[in-house]
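Right, one structure below, let's go through it.
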Amino acid sequence: EAEWEYACRAGTTTEYSFGNRASLLGDYGWYQANTWSDGEPYAHPVGNLLPNPWGLYDMHGNVAEWTRSVYRPYPYREADGRNDPGAEGERVVRGGSCYDAPRRCRAAFRLGYPSWQRVHNTGFRIVIEDE
C-alpha cells in the first residue's frame, strides 16, 4: 500500500499527483464524470490520458488497484504483522475507478475489499523492475 501511494504521488504532497484541483482529474484519469456521464461506463486502455510526474499512467481512476496490505483503519503499527501477504482479512484497494467520484480517486483514498471479491473495476498493476 505504501509503495502504491508513493508511486501515485510521484514526489508531490497534494490530493492528486497534478495538484489539488479535482476539476483537472479528467485530464489524468478515467472517473465517473468522463466515463458514465459520457456514455462510456467502463475501464479504458492505459495511456490515453496524461501521466503523473514520474510518467505513470492511470494512477487516479480507471481501475482501482489491489495492494498486498491487509486493510485496517489508520492509525496502525507496521510491526503488528498484518501486512503479511498470507494474513486473513480485507485487502487495501487504492486509486479509485471509472465508476468513482473525484474524492475516491485521490492519492490518499483507500478502501478494504474482501480478497475473494472479483469485480470488473478492480485490478492490479504489474511492475517490472530493471536491474
Side-chain angles (χ1 to χ4, degrees):
E1 177 183 11
E3 290 175 347
W4 185 94
E5 186 169 340
Y6 180 78
C8 178
R9 288 186 180 280
T12 67
T13 58
T14 53
E15 291 185 14
Y16 305 93
S17 62
F18 53 84
N20 290 322
R21 293 179 46 205
S23 62
L24 298 177
L25 182 56
D27 293 338
Y28 294 85
W30 299 106
Y31 73 112
Q32 189 178 49
N34 64 354
T35 58
W36 280 89
S37 299
D38 290 346
E40 297 181 358
Y42 49 81
H44 289 67
V46 174
N48 288 325
L49 299 176
L50 298 174
N52 75 7
W54 289 352
L56 299 173
Y57 291 88
D58 296 322
M59 295 300 289
H60 303 288
N62 206 20
V63 175
E65 297 181 26
W66 288 101
T67 71
R68 289 177 28 157
S69 298
V70 175
Y71 179 81
R72 59 197 182 277
Y74 288 133
Y76 61 85
R77 294 181 312 126
E78 287 296 329
D80 69 7
R82 289 190 281 172
N83 273 336
D84 173 8
E88 296 294 324
E90 295 181 333
R91 300 294 174 179
V92 176
V93 177
R94 304 290 298 261
S97 77
C98 56
Y99 299 137
D100 291 322
R103 76 174 193 87
R104 286 189 169 213
C105 297
R106 293 177 302 116
F109 190 82
R110 58 199 294 274
L111 291 172
Y113 285 177
S115 58
W116 52 262
Q117 184 171 352
R118 288 179 175 84
V119 290
H120 58 279
N121 67 327
T122 305
F124 60 95
R125 184 172 297 257
I126 297 173
V127 177
I128 300 172
E129 296 184 53
D130 289 336
E131 292 189 49

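Side-chain atoms are counted along with the backbone in the values below, which use heavy atoms only and exclude waters and symmetry mates. Small disclaimer: the values here were computed from a predicted structure and weren't measured.
Taking a 6.0 Å sphere around CZ of Phe124, one finds it holds 12 or fewer heavy atoms contributed by other residues, nucleotides or ligands. Within a 6.0 Å sphere centred on CD of Gln117, other residues, nucleotides and ligands contribute more than 12 heavy atoms.
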Checklist line | Pair Asn52-Tyr28, side chain to side chain contact (heavy atoms under 4.5 Å, CB included): steps then yes or no | finding: CA-CA 8 Å; Asn52 75 7; Tyr28 294 85; 5.9 Å; no
Next item on the list: Output, in order, the C-alpha distance, side-chain angles, deciding distance and verdict of side chain to side chain contact (heavy atoms under 4.5 Å, CB included) for Asn121 and Val63.
Entry: CA-CA 5 Å; Asn121 67 327; Val63 175; 5.7 Å; no
Item checked: Test log, rule side chain to side chain contact (heavy atoms under 4.5 Å, CB included), inputs Tyr113 and Arg91 -> CA-CA 6 Å; Tyr113 285 177; Arg91 300 294 174 179; over 6 Å; no
Check: Are Arg104 and Leu111 close enough, and set up right, to give a side chain to side chain contact (heavy atoms under 4.5 Å, CB included), and what steps lead you there?
Finding: CA-CA 9 Å; Arg104 286 189 169 213; Leu111 291 172; 3.5 Å; yes
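In the hydrophobic cluster analysis, where Ile, Leu, Val, Met, Phe, Trp and Tyr join through side-chain heavy atoms closer than 4.5 angstrom, Leu50 is grouped together with Tyr16.
A donor-acceptor pair under 3.5 Å is absent between the side-chain atoms of Arg110 and the main chain of Glu1, judged by distance alone. Judged by distance alone, with hydrogens and angles left aside, the side-chain atoms of Thr35 form a donor-acceptor pair with the main-chain N or O of Cys98 at under 3.5 Å. The backbone N or O of His44 lies less than 3.5 Å from a partner atom in the side chain of Asn62, making a donor-acceptor pair.
Nearest heavy atom pair, residue Pro114 against residue Glu90, reads N-CG, 3.8 Å. Heavy-atom minimum distance, Thr122 versus Val93: CG2-CG1, 4.1 Å. For Pro53 against Ala10, the heavy-atom pair with the smallest separation is CD-CB, 3.7 Å. Pairing each heavy atom of Val46 with each of Asp58, the nearest pair is CA-OD2, 3.0 Å.
In this pair, Trp36 and Tyr99 present their aromatic rings tilted. The plane angle is within the 30 to 60° band.
In this structure, the separation between CZ on Arg94 and CD on Glu3 is 12.0 Å, given to the nearest 0.5 Å. To the nearest 0.5 angstrom, Cys105 atom SG is 12.0 Å from Met59 atom CE. Put simply, OH on Tyr31 and CZ on Arg103 are 14.5 Å apart, with the number rounded to the nearest 0.5 Å. Considering CZ of Phe18 and CD of Glu15, their distance stands at 9.5 Å, rounded to 0.5 Å. Between the CH2 atom of Trp54 and the SG atom of Cys8 there is a distance of 10.5 Å, given to the nearest 0.5 Å. Taken to the nearest 0.5 Å, the NE2 atom of His60 stands 7.5 Å off from the CG atom of Leu25.
Here Pro51 pairs with Tyr57 under the side-chain contact (heavy atoms from CB on, under 4.5 Å) rule; sequence neighbours left out. Annotation: salt bridge (Lys or Arg N to Asp or Glu O under 4.0 Å) contacts of Glu65 (sequence neighbours excluded): Arg125.
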